[in-house]
Amino acid sequence: MADKEVADERQETIRHSMSHVMAEAVLEMFPDAQIAIGPAIENGFYYDFDLPRPLLTEDLDEITRRMKDIISQNKTFERKVVSRKEAAELFAGQKYKLELLDAIPEGEEVSIYNQGGFTDLCRGPHVKSTKELNKDAFKLLSIAGAYWRGKESNPMLTRIYGTAWSSPKELRVYLDHLEDIKKRDHRKLGQELDLFSLHEEAGPGLVYWHPRGAKIRLAIEDFWRNEHYKNGYDMVYTPHVGKSWLWETSGHLGFYKEGMYPPMKMDNTDYYVKPMNCPFHIMIYQNSKRSYKDLPLRWCELGTVYRYEKAGSLHGLMRVRGFTQDDAHLFVTPEQMDDEIIEVLRFSLFMLRSFGFTDIKAYLSTRPEHSVGEQERWDAATEALRRAIEKEGLAYQVDEGGGAFYGPKIDLKIKDAIGREWQLSTVQFDFNLPERFKLVFTDRDGEEKRPYMIHRALLGSIERFFGVLLEHYAGAFPPWLSPEQIRVVPVAENFFDYAKKLEMKFRQAGFRASADLSNDRMNAKIRASQMMKNPYTVIVGEKEETADQVSVRYRGGKQVNGIPTSEFVEEVRKAIDTKAQV
RNA sequence: GCCAAAGUGGCUCAGAGGUAGAGCAGCUCACUCGUAAUGAGCAGGUCCUCGGUUCGAUUCCGAGCUUUGGCUCCA
């Protein structure tokens with residue numbers, strides 16, 4: 001562990017030094033450039049510049065060439081502590097550096113690093129000499145715009161991203177990893193496997209589920225509904241639009257208006273498409289007097305909501321404007337809160353694990369500065385969340401002040417097959433809505449009391465979850481999720497009838513199956529089935545028909561011939577029931 | 001929204017100031033084949049949209065729309 005930390009630190013130093021080398025190269029090319037910041041980041045580094053002209057991809061080659069040249073010169077990195085005045089003179093023409101200098105707290109040391117041709121205001125540390133950098137272990141990756149200090153009101157700078165490692169071999173491994181990410185891209189797989197599409201001409205950020213994608217979605221939703229029933233939830237359905245009164249009361253029009261689709265006018269009232277389901281579930285709650293005996297109420301809905309996401313942030317299925325939350329709202333008494341939270345967390349973990357995610361981390365977010373609700377409630381809720389996490393023995397981090405203004409929350413993040421983290425589940429307390437809608441229940445003492453309200457989504461949104469699943473499995477879904485579990489390929493036209501018979505038999509058994517009766521040759525059909533990543537391709541000809549057998553080609557290419565059909569049906573059923581990967 | 005790049009048949013992409021091409025997919029015909037592509041032929045495009053420059057624009061210029069990579073990592 002300690003070794004790893006040392007290695008990580010070393011890696012970070014290399015990356016940071018690399019960014020200085022890049023800055024020197026860029027300044028060689030553009031002596032008038034303004035330089036901003038250039039830190040090491042995960043897997044690499046970047047540097048922000050204010051350049052006289054936009055950069056082209058070709059410029060990266062030139063910068064790379066100059067960087068290699070700089071590295072080969074074995075330049076020494078020299079650290080020097082200077083006074084503020086000296087620093088200000090040194091960076092006289094560099095407005096961003098001067099701003100950074102100003103931001104260094106009084107009393108803190110101001111240091112500069114010089115590597116020969118380039119001096120930067122920098123805390124360090126750096127390598128001793130460019131000797132320690134490997135000119136074949138870095139690569140400039142992309143050019144991007146970035147606001148100075150990340151603020152939209154600030155000028156846009158040109159950022160160059162690069163990756164750097166201590167050896168060419170590590171670089172190679174990382175570049176291969178990037179290739180793998182590209183291959184798994186859900187947008188690419190969605191097209192190749194004919195799962196979904198987006199249509200810019202019909203509205204950006206809105207998802208169309210094709211038959212194959214819809215089959216997977218149904219498998220997810222069926223499982224979701226069944227498990228919710230089993231775990232004490234009731235399903236509700238609510239409308240897609242509501243009058244402005246509803247959104248004014250909920251506070252969405254106050255806090256969230258820019259995230260909502262604009263209103264539709266009808267009967268002199270504005271109607272809004274829902275960005276969230278909660279106000280509707282509250283309407284159901286309000287429909288009757290509620291007794292402590294009715295609580296806890298657990299209402300779930302696969303509710304489709306619409307949000308106006310910024311045009312530039314839309315991304316495949318991961319960031320869309322119309323999506324289906326696997327939403328639920330729990331209305332509980334204060335006494336029930338602890339048990340409910342523990343239960344919600346347990347259920348979340350069960351769901352995530354069912355989909356093959358085993359590496360799960362929790363993030364507990366506490367009260368932010370601007371927030372509503374009594375402190376006691378915040379404390380009680382936050383502690384309930386913490387107890388639940390600890391009871392499950394989950395690794396967790398606390399994000400102090402990271403909660404929503406209306407309540408503390410737990411987010412669950414999973415790691416996918418190639419180590420990327422995705423946030424899926426969220427469990428949030430809400431002290432705002434019960435107050436705003438004046439929710440009450442009658443307690444056993446006859447007093448009306450305010451219930452706790454908990455929002456939770458386990459998969460997050462079906463669209464995004466599907467995208468994550470698709471990338472996690474690289475399109476090779478385990479049979480229980482596979483859109484086409486079995487494809488039957490007859491070796492020749494004479495066996496079309498037997499193939500059809502088998503297809504029906506499999507369908508009767510509850511499998512998603514089809515027979516390929518096109519006039520392609522058998523080889524082409526097998527290839528087509530493999531390309532679609534179907535888990536089982538069943539090949540049948542005379543031998544199989546006579547003996548009531550199937551020959552199976554598994555997704556990975558493995559072949560087993562002459563399996564009795566009934567035995568194969570059992571094998572598939574077992575794989576589906578156990579949610580096994582094959 | 002902002003910066004940059006891109007938008008050419010269903011898909012992946014090539015191309016040039018003189019109204020376009022490949023592979024795959026589709027359709028037709030022939031072949032009926034035992035574990036990753038049978039062959040031949042046909043059809044398919046307002047070259048994103050709207051303006052401008054030009055004898056002529058899909059190509060050059062401008063605007064718009066959309067997509068992609070970023071805009072969190074703090075000297």
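All of these numbers come straight from a predicted model, not from anything done at the bench.
Heavy atoms of A:R159 sit under 4.0 angstrom from primed sugar atoms or phosphate atoms, though from no base atom. Among the atoms of the strands shown, base atoms are found under 4.0 Å from some heavy atom of A:V110. Nucleic acid contact class of A:N561 (heavy atoms, under 4.0 Å, all strands): base. Residue contacts for A:G541: at a heavy-atom cut-off of 4.0 Å it reaches a base atom on one of the strands shown.
B:A5 sits 24 Å from B:C73 when the P atoms are compared, rounded to a whole Å. With both ends at atom C1', the span from B:G41 to B:A6 equals 36 Å, rounded to whole Å. Comparing the C1' positions of B:G9 and B:C27 gives an interatomic distance of 15 Å, to the nearest angstrom. Using atom P as the reference point in both B:U38 and B:A25, the two lie 9 Å apart (nearest Å). Look at the C1' atom in both B:G17 and B:U58: the space between them is 10 Å, to the nearest Å. Taking atom C1' on both B:U12 and B:G7, the two are 14 Å apart, rounded to the nearest angstrom. Taking atom P in both B:A43 and B:A14, the straight-line distance is 26 Å, to the nearest Å.
Checking B:A43 for Watson-Crick or G-U wobble geometry (two distances, each under 3.5 Å) identifies no partner in any strand. Partner assigned to B:C13 is B:G21, using Watson-Crick or G-U wobble distances below 3.5 angstrom.
Judged by a 6.0 Å distance limit and a 45° cone about the ring axis, A:K128 is not positioned over the six-membered ring of A:F77.
OP1 or OP2 of B:U35 has not a single side-chain nitrogen or oxygen of A:R527 nearer than 4.0 Å. Contact check, A:R521 against B:C33: no side-chain N or O comes under 4.0 Å of OP1 or OP2. Between A:R187 and B:U68 there is a side-chain polar atom (N or O) within less than 4.0 angstrom of OP1 or OP2. Phosphate contact (OP1/OP2 of B:U72, side-chain N/O of A:Y46, threshold under 4.0 Å): absent. Regarding contacts with the backbone of B:U66, every side-chain N or O of A:H199 stays at 4.0 angstrom or more from both OP1 and OP2.
Atom NZ in A:K310 sits roughly 11 Å away from atom P in B:C2 (whole-Å rounding). With rounding to whole Å, A:N154 atom CG is found 11 Å from B:U72 atom P. Residue A:E192 contributes atom CD, which lies 17 Å from atom P of B:C24 at whole-angstrom precision.
Ranking B:U67, B:G34, B:C71 by closeness to the A:L314 side chain, first place goes to B:U67. Of all nucleotides listed (B:A36, B:G1, B:C11), B:C11 comes nearest to the side chain of A:Q191. Listed nucleotides B:C74, B:A37, B:U67 differ in distance to A:A524; the shortest reach to its side chain belongs to B:A37. Distance from the side chain of A:I41 is smallest for B:C73 among the nucleotides B:C73, B:G1, B:A37. Closest contact between the side chain of A:Y147 and the listed nucleotides B:A36, B:G70, B:C2 involves B:C2.
Scored by the salt bridge (Lys or Arg N to Asp or Glu O under 4.0 Å) test, A:E400 finds no partners at all (sequence neighbours excluded).
For the atom pair CG of A:N534 and OG of A:S514, the computed distance is 7.0 Å after rounding to the nearest 0.5 Å.
The number of heavy atoms from other shown groups lying within 6.0 Å of CD (A:E86) is above 12.
Using cut-offs of 30° and 60° on the angle between ring planes, the pair A:F466 and A:F477 is parallel.
Nucleotides of RNA chain B nearest to A:S551 and A:F496 differ in position, and the one nearer the 5' end is that of A:F496. Sequence order on RNA chain B of the closest nucleotides to A:K543 and A:H20 puts A:K543 first from the 5' end.
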Output, in order, the C-alpha distance, side-chain angles, deciding distance and verdict of side-chain contact (heavy atoms from CB on, under 4.5 Å) for A:V540 and A:E545. CA-CA 7 Å; A:V540 291; A:E545 178 161 16; over 6 Å; no
